[in-house]
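See below for the structure under consideration.
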Number of protein chains: 2
Amino acid sequence: MPRPSQPILSRELICRTALNLLDRTGRFTVPEVAQKLGVSVSSLYHHVAGRAEIVEGIRGLLAGRFAPIADDTAWPAAVAAWARSYRDAFAAHPAAIPPLVAQTITDPVTLRQYGALAGMLARSGFGPDSIVLAITMLDNLCLGAALDVGAPSVIWDDNPAIDSPMQTALGRATLGADRAERGFELGLALTLRGLAELLADQPAEV
Amino acid sequence: MPRPSQPILSRELICRTALNLLDRTGRFTVPEVAQKLGVSVSSLYHHVAGRAEIVEGIRGLLAGRFAPIADDTAWPAAVAAWARSYRDAFAAHPAAIPPLVAQTITDPVTLRQYGALAGMLARSGFGPDSIVLAITMLDNLCLGAALDVGAPSVIWDDNPAIDSPMQTALGRATLGADRAERGFELGLALTLRGLAELLADQPAEV
DNA sequence: ACCTGAACACCGTTCAAGT
DNA sequence: ACCTGAACACCGTTCAAGT
């Protein structure tokens, strides 16, 4: 087959296809991506350096859906919007999380997101230590919650290790499908309160 | 080579070897485990059903190091001890986290840990919904924090996406190596406060 | 019961060859 | 510049064969 007059492949198309495979089958391999695109495996390597770069491109796709940091908003609302969009973006593609957490972030879109968040916090009066702590806590919260949606740690129903009185007690929990959502929102509210206290304790001079 | 008079392999030995490889090289493959044990690859399959079972055995090794739920302790201290040991156990083996989060928990030791925690909360007066929320939040916190230790999301130094005034501002952060530890502890304190409020709002009748 | 060697269907990556 | 086919060193898993 001759070279097409117009390139049929691109980094983004490859990453999008891989993400699609993750969503539908829970995994992706380089040959599968090639087959999905009707192209030979080696063709992909003209656009991405390897599998790791595809994963990093997926990270970029997700980070591109984070809520932009709005500078005209009070910091609690801005942080909340950012955190929710972060968690939602990852939770919408649970199968992508294991490969993503397995490699260091180099995607510039993602790095810029953290930079923008740090800048917003600084302009809101947070000092260096508080900014570092705030982002650490928010990151823990969002990633933990995203993992929880994709692969809940606890089997709430029919967990053989939970004795039956407890089983029936938990059976009375009314949360159901809202469990992960409610847990995240409560964690977020607590984190925002903690951040407010961090800000209040700030030395005037930063 | 004839069959040894005493079995040289066992499920636990295999899992321990795999965890060791993860710690030292960041990954493990079935052939590598076999080689490390001086045994042929197919021998392993007499003790474990496959790679997934090895990963699940690793989960059991880590869960075995969680602090036992002490029933004579006030719930906040018991929860704190449990959460710290959970986070520490995973953070000590960061390379194990990606394979672990990629598959559903079936390890009985781990399942029993969650069961014991739920039981302790119930005896402390938490209702079904509160227990489910509490465990969800604690799980998010510990897993997020463990991930953070192994593979920090943010490159705090030399992140090209953070402009240089911000870079110097963050350079003034005094946290350093304590960052992850402090972030987790702050998150834990906030979570415990939230749980206390949850308990206070509990209807008398559970 | 427990270990082995050989085989199978895969995987990620490279590279000379085509247009 | 962009796609291809063939090759390479791997991987997880199975299975008949040995003691």
Side-chain angles (χ1 to χ4, degrees), chain A residues 1-59 95-96 98-104 106-107, chain B residues 1-59 95-96 98-104 106-107:
Chain A
M1 192 203 280
R3 160 161 81 102
S5 53
Q6 186 118 343
I8 55 178
L9 287 182
S10 73
R11 203 185 101 105
E12 188 177 340
L13 182 60
I14 291 168
C15 296
R16 237 198 264 283
T17 306
L19 180 56
N20 231 277
L21 278 163
L22 279 169
D23 289 343
R24 293 186 320 170
T25 71
R27 56 192 290 277
F28 88 92
T29 69
V30 179
E32 281 167 355
V33 173
Q35 195 208 8
K36 202 82 194 17
L37 289 167
V39 114
S40 98
V41 180
S42 46
S43 304
L44 302 180
Y45 285 83
H46 290 273
H47 298 87
V48 291
R51 193 184 198 276
E53 191 176 316
I54 299 178
V55 172
E56 212 50 27
I58 290 173
R59 197 195 303 282
L100 285 172
V101 302
Q103 67 188 36
T104 313
T106 60
D107 169 65
Chain B
M1 192 201 280
R3 159 160 80 102
S5 53
Q6 186 120 343
I8 55 180
L9 288 181
S10 73
R11 203 185 103 106
E12 188 178 338
L13 182 59
I14 291 169
C15 297
R16 237 197 265 283
T17 306
L19 180 55
N20 231 276
L21 278 163
L22 279 168
D23 290 342
R24 294 185 320 169
T25 70
R27 57 194 288 276
F28 88 92
T29 70
V30 179
E32 280 166 354
V33 173
Q35 196 210 6
K36 202 81 195 14
L37 290 166
V39 115
S40 98
V41 180
S42 46
S43 303
L44 302 179
Y45 285 84
H46 290 274
H47 298 86
V48 291
R51 193 185 199 277
E53 191 176 316
I54 299 179
V55 172
E56 212 51 25
I58 290 174
R59 197 195 304 280
L100 285 172
V101 301
Q103 68 189 34
T104 312
T106 62
D107 169 64

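In what follows, chains are A, B, ... by sequence order, proteins preceding strands, each numbered from 1.
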N/O contacts under 3.5 Å, protein versus nucleotides 13-15 of chain D?
| from | atom 1 | to | atom 2 | distance (Å) |
| --- | --- | --- | --- | --- |
| dT13(D) | OP2 | Tyr45(B) | OH | 2.8 |
| dT13(D) | OP2 | Arg51(B) | N | 2.8 |
| dT13(D) | O5' | Tyr45(B) | OH | 3.4 |

Without decimals, in angstroms, what is the distance between [X] [atom1] and [N] [atom2]?
| X | N | atom1 | atom2 | value |
| --- | --- | --- | --- | --- |
| Leu13(A) | dC2(D) | CG | P | 14 Å |
| Arg27(B) | dC10(D) | CZ | P | 10 Å |
| Arg11(B) | dC2(C) | CZ | P | 15 Å |
| Glu32(B) | dG12(D) | CD | C1' | 13 Å |
| Leu44(B) | dC3(C) | CG | P | 9 Å |
| Phe28(A) | dC10(C) | CZ | C1' | 16 Å |
| Gln35(B) | dG5(C) | CD | P | 14 Å |

Checking dT4(C), dG12(C), dC2(D) against the side chain of His47(A) (C-beta onward), the nearest is dC2(D)
Quick one: side chain to side chain donor-acceptor pair (under 3.5 Å) partners of Ser40(B), sequence neighbours excluded? Ser42(B), Ser43(B)
For Gln35(B), the side chain to side chain donor-acceptor pair (under 3.5 Å) test, sequence neighbours excluded, returns none
Atom of Gly57(A), atom of Cys15(A) and distance for their closest heavy-atom approach: CA-SG, 3.6 Å
Which pairs of donor and acceptor atoms, one on a side chain in residues 17-25 of chain A, lie under 3.5 Å apart (sequence neighbours left out)?
| from | atom 1 | to | atom 2 | distance (Å) |
| --- | --- | --- | --- | --- |
| Thr17(A) | OG1 | Leu13(A) | O | 2.7 |
| Asp23(A) | OD1 | His93(A) | ND1 | 2.9 |
| Asp23(A) | OD2 | His93(A) | ND1 | 2.8 |
| Thr25(A) | OG1 | Leu21(A) | O | 2.8 |
| Thr25(A) | OG1 | Arg27(A) | N | 3.4 |
| Thr25(A) | OG1 | Arg27(A) | O | 2.8 |

For [X], what residues pass the side chain to side chain contact (heavy atoms under 4.5 Å, CB included) criterion, not counting sequence neighbours?
| X | result |
| --- | --- |
| Ala34(B) | Val39(B), Val41(B), Leu44(B) |
| Pro98(A) | Val101(B), Ala102(B) |
| Glu53(B) | Arg11(B), Val48(B), Ala49(B) |

Pairing string of DNA chain C (Watson-Crick or G-U wobble, both atom distances under 3.5 Å; | = paired to other strand) is ||.|||||...|||||.||
May I ask you to test the Leu9(B)-His46(B) pair for a side-chain heavy-atom distance under 4.5 Å? no
Give Ser43(A) one of three labels, base, sugar-phosphate or nothing, depending on what nucleic acid heavy atoms sit under 4.0 Å from its own. base
Thr29(A) side chain N/O closer than 4.0 Å to the phosphate oxygens (OP1, OP2) of dC11(C)? yes
Considering residues at least two apart in sequence or located in another chain, which fulfil the salt bridge (charged side-chain N to carboxylate O under 4.0 Å, His left out) criterion with Arg59(B)? Glu56(B)
